[in-house]
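So the structure is just underneath, and the comments pick up after that.
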Amino acid sequence: MILQGFAPVFDENSRILVLGSFPSVKSRRTEFYYGNNRNRFWHVMQQAFGGSIRTKEDKISLCLANGIALWDIVQSCTAKGSLDSSLRNVSLVDLSLLNGCPLQKILCNGALAYKLVVKAYGGSLPVFKMPSTSPANVRFDGQVWIRALTGKE
C-alpha cells in the first residue's frame, strides 16, 4: 500500500524550512507532523518560541508566527512501521512549491532527510543536518535546534 505524506505548512513569510523524512505511524494516526508525544520537535518549538502546542491549529500557528515552514522530503512510499530504514518506493516532494517564500535555510530532521535533500535539491539555500527529534535518538541535543531556529547562541 502506497502511503502519502502531509501537505506542507508554510506561508509568504516562511524563512526556515524544517524537513523531516516521512510521517511516523503515530503521526499518520494524528494526521499531523510529529504526532508521537515522545517526539521532541514540538517541545523544542515551544522552548524556542513559547506558545501553545495543544492542538494541530496551535502548532500551525506557532510555525507560521515564527517564519517556520514544515514538510517532509518524502511525498509517498511504502513502509513498515516508523523507522526510516523501512521506507521503500520513495517519491520525493517538489521543493519548488516553496519558491515564493523568503527561505534562508533548510533544517533536515535527521540523517535520511538530509541525505535525500542533498541528493535531490539543486538550490542555493544552505542545508543543515539536525539531530533527529525522534525518541529513538538517545544523543538528542535540543539546544542545537533552538540555536538553528532562533539564530541565537
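Counting only distance, with no hydrogens or angles, the side chain of N137 and the backbone of T133 share no donor-acceptor pair below 3.5 Å.
Looking only at side-chain heavy atoms (C-beta outward), V9 and L64 come within less than 4.5 Å of each other. I53 is listed as a side-chain neighbour of K59, based on a closest heavy-atom distance under 4.5 Å. The side-chain heavy atoms of M45 and C63, taken from C-beta on, include a pair separated by under 4.5 Å. Counting only heavy atoms from C-beta outward, the side chains of L149 and V18 approach each other to under 4.5 Å.
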(message) Does F22 form a side chain to side chain contact (heavy atoms under 4.5 Å, CB included) with V90? I'd like the steps, not just the answer.
(response) CA-CA 10 Å; F22 192 74; V90 169; over 6 Å; no
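The minimum heavy-atom distance linking Y114 with F128 is given by the pair CD1-C, 3.9 Å.
In this structure, V74 is not a member of the same hydrophobic cluster as V25, with clusters built from ILVMFWY side-chain heavy atoms closer than 4.5 Å.
In this structure, the ring-ring contact (aromatic ring centres under 6.0 Å, His included) partners of Y33, at least two apart in sequence or on a different chain, are F6. Not counting sequence neighbours, the partners of Q104 by the side chain to side chain contact (heavy atoms under 4.5 Å, CB included) test are R15. Residues meeting the side chain to side chain contact (heavy atoms under 4.5 Å, CB included) test with L125, sequence neighbours left out: L103, I106, Y121.
Within a 6.0 Å sphere centred on CG of N99, other residues, nucleotides and ligands contribute more than 12 heavy atoms. Within a 6.0 Å radius of NZ in K105, other residues, nucleotides and ligands contribute more than 12 heavy atoms.
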